[in-house]
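Some notes on the structure that comes next.
These figures come from a predicted structure and were not determined experimentally. Because only heavy atoms are used, hydrogens play no part in the values below, and waters and symmetry mates are left out as well, while side chains stay in.
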Amino acid sequence: MEEEFREGLERTGVRRVLFVNCCNAEGTSSGASHPFDRDDQARVLSKKGKKQAEFSRKWFQALDYKHKAFVVSAARRAADSAQIMAETRHGAGADVSMILVPSLHPLDQCPDAHKMFAQMGYASLQKYLEAGGEGALNNYAYIVMEDLLDCFSRISQGTRGDTLTIFGHAIFLNAVARRVAGSMKVSEEHVNFLEGINLGEGEGLLLETGGPDGPLLRYLHCKNLSVISDHPLYNVL
């Protein structure tokens with residue numbers, strides 16, 4: 001799957017994959033887990049979530065990348081997060097496709113991973129791997145990657161842009177990013193860094209090929225613009 005996925009990226013001219021954890025939805029308590037059911041799909045952004053999306057524009061716009069497509073889960077808040085964060089980047093009516101990949105919202109996917117999320121809530125991928133979750137999360141990641149491969153057929157190589165931006169959810173998004181990082185042959189150091197991130201609402205993980213030192217990963221956020229981590233893979237924008 002990982003080799004096939006890398007070939008798909010190359011065919012469509014994608015050299016960056018940006019994963020964004022969508023913003024806060026109504027009915028979500030800070031730090032509390034919730035079921036990924038059909039009611040969850042219908043939840044809209046809360047006032048807090050809209051402010052998060054507006055604030056996250058700062059790092060999203062600072063990238064100044066040309067987006068080939070926005071890929072969103074079946075949850076309404078994913079599309080709403082994408083729309084708000086991209087608003088001033090592209091302007092109204094910009095020619096950037098929004099593609100639905102339902103499996104990015106883990107409804108009916110991987111019950112073992114759901115069970116772990118109900119117990120552990122929001123935490124780093126490393127915590128889930130230490131608790132024995134690698135098999136369940138890998139299974140989920142491969143389901144999503146297969147669906148992403150299908151959506152590549154709707155993205156022409158001639159389409160403007162070289163960045164595929166994916167809006168998903170919590171630990172499940174990190175699990176997909178980890179396997180995509182493997183397909184892009186990101187270094188072990190960077191993968192270990194990814195596993196340690198507890199991705200917050202409105203934050204992003206960027207995987208990029210073609211750099212002078214090979215593929216790389218960056219953690220993108222602007223939670224507190226006055227504090228910048230000294231870790232070289234952090235980008236507070």
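Atom-to-atom distance recorded for Lys66:NZ and Lys68:NZ is 13.0 Å, nearest 0.5 angstrom. Between the CG atom in Asn192 and the CD1 atom in Ile197 there is a gap of 11.0 Å [rounded to 0.5 Å].
The shortest heavy-atom contact between Glu201 and Asn21 is N-ND2, 3.7 Å. The minimum heavy-atom distance linking Leu194 with Ala181 is given by the pair CD1-CB, 4.5 Å. Residue Ser56 comes nearest to Gly202 through the heavy atom pair OG-O, 2.9 Å, listed as atom of the first residue, atom of the second, then distance. Across all non-hydrogen atoms, the minimal contact from Asp112 to Ala136 is CB-CB, 3.9 Å. For Ser81 against Cys22, the heavy-atom pair with the smallest separation is OG-CB, 3.6 Å. Among all heavy-atom pairs drawn from Met120 and Ala131, the shortest one is SD-CB, 3.9 Å.
Residues Leu216 and His190 have side chains in contact (heavy-atom distance under 4.5 Å, counting atoms from C-beta outward). Between Val180 and Met145 the shortest side-chain heavy-atom distance falls below 4.5 Å. Proximity of Leu137 to Leu125: side-chain heavy atoms (C-beta onward) are separated by under 4.5 Å at one or more points. Two residues are said to be in side-chain contact when any heavy atoms from C-beta on lie closer than 4.5 Å; Leu205 and Leu220 fail this criterion. You'll find the side chain of Lys50 stays beyond 4.5 Å of the side chain of Asp80, heavy atoms only.
Aromatic ring pairs are classed by plane angle as parallel below 30°, tilted from 30° to 60° and perpendicular above 60°; the pair Phe60 and Phe70 is tilted.
Applying the salt bridge (charged side-chain N to carboxylate O under 4.0 Å, His left out) test to every pair with at least one member in residues 117-126, sequence neighbours left out, gives no pairs at all.
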| Going through the checks in order, is the side-chain contact (heavy atoms from CB on, under 4.5 Å) test met by Ile99 and Phe152? | CA-CA 10 Å; Ile99 299 175; Phe152 286 168; over 6 Å; no
| request: Starting from the C-alpha separation in whole Å, work towards a yes-or-no answer on side-chain contact (heavy atoms from CB on, under 4.5 Å) for Tyr65 and Glu208. | output: CA-CA 12 Å; Tyr65 294 154; Glu208 184 171 5; 3.8 Å; yes
| Could you go step by step and tell me if Asn174 and Phe19 meet the side-chain contact (heavy atoms from CB on, under 4.5 Å) rule? | CA-CA 8 Å; Asn174 292 48; Phe19 296 88; over 6 Å; no
| task | For side-chain contact (heavy atoms from CB on, under 4.5 Å), just list the numbers for Val14 and Asp162, CA-CA rounded to whole Å, side-chain angles, deciding distance to a tenth of an Å, and then say yes or no. | result | CA-CA 5 Å; Val14 172; Asp162 61 3; over 6 Å; no
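Residues passing the ring pair (Phe, Tyr, Trp, His ring centres under 6.0 Å) test with Tyr128: none are found, sequence neighbours excluded. Residues meeting the side-chain hydrogen bond (donor to acceptor under 3.5 Å, both in side chains) test with Ser46, sequence neighbours left out: Asn24. The side-chain hydrogen bond (donor to acceptor under 3.5 Å, both in side chains) test applied to Glu3 returns Arg6, not counting sequence neighbours. Among residues two or more places apart in sequence or in another chain, the salt bridge (charged side-chain N to carboxylate O under 4.0 Å, His left out) test is passed with Arg178 by Glu134, Glu195. Residues meeting the side-chain hydrogen bond (donor to acceptor under 3.5 Å, both in side chains) test with Glu7, sequence neighbours left out: none. Scanning for salt bridge (charged side-chain N to carboxylate O under 4.0 Å, His left out) contacts around Glu2 gives Arg179, with sequence neighbours left out. The salt bridge (charged side-chain N to carboxylate O under 4.0 Å, His left out) search around Glu4 returns none, not counting sequence neighbours. The side chain to side chain contact (heavy atoms under 4.5 Å, CB included) test applied to Ala53 returns Cys23, Ile84, Met85, not counting sequence neighbours. Considering only residues two or more places apart in sequence or on other chains, Ser183 meets the side-chain hydrogen bond (donor to acceptor under 3.5 Å, both in side chains) condition with none of them. Taking Asp147 as the reference, Val101, Ser103, Ile143, Asp150 meet the side chain to side chain contact (heavy atoms under 4.5 Å, CB included) condition, with sequence neighbours excluded.
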Run the side-chain donor-acceptor check on residues 163-171: report pairs under 3.5 Å with partners two or more places apart or on a different chain.
from   : atom 1 : to    : atom 2 : distance (Å)
Thr163 : OG1    : Arg16 : NH1    : 3.4
Thr165 : OG1    : His67 : ND1    : 2.6
His169 : ND1    : Arg77 : NH2    : 3.4
His169 : NE2    : Ser73 : OG     : 2.7

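In terms of modelled atom types and a separation under 3.5 Å, the side chain of Tyr140 and the main chain of Leu173 share no donor-acceptor contact. Proximity of a side-chain donor or acceptor of Arg15 to a complementary backbone N or O of Thr209 within less than 3.5 Å is detected. No side-chain donor-acceptor contact under 3.5 Å links Lys127 to the backbone of Tyr122. The main-chain N or O of Gly200 is found under 3.5 Å from a side-chain atom of Glu203 such that the two form a donor-acceptor pair.
In the hydrophobic cluster analysis, where Ile, Leu, Val, Met, Phe, Trp and Tyr join through side-chain heavy atoms closer than 4.5 angstrom, Val44 is grouped apart from Val72.
Atom CD of Glu146 sits in a sparse spot, with 12 or fewer heavy atoms from other residues, nucleotides or ligands closer than 6.0 Å.
Residues Phe5 and Tyr142 keep their aromatic ring centres 6.0 Å or farther apart.
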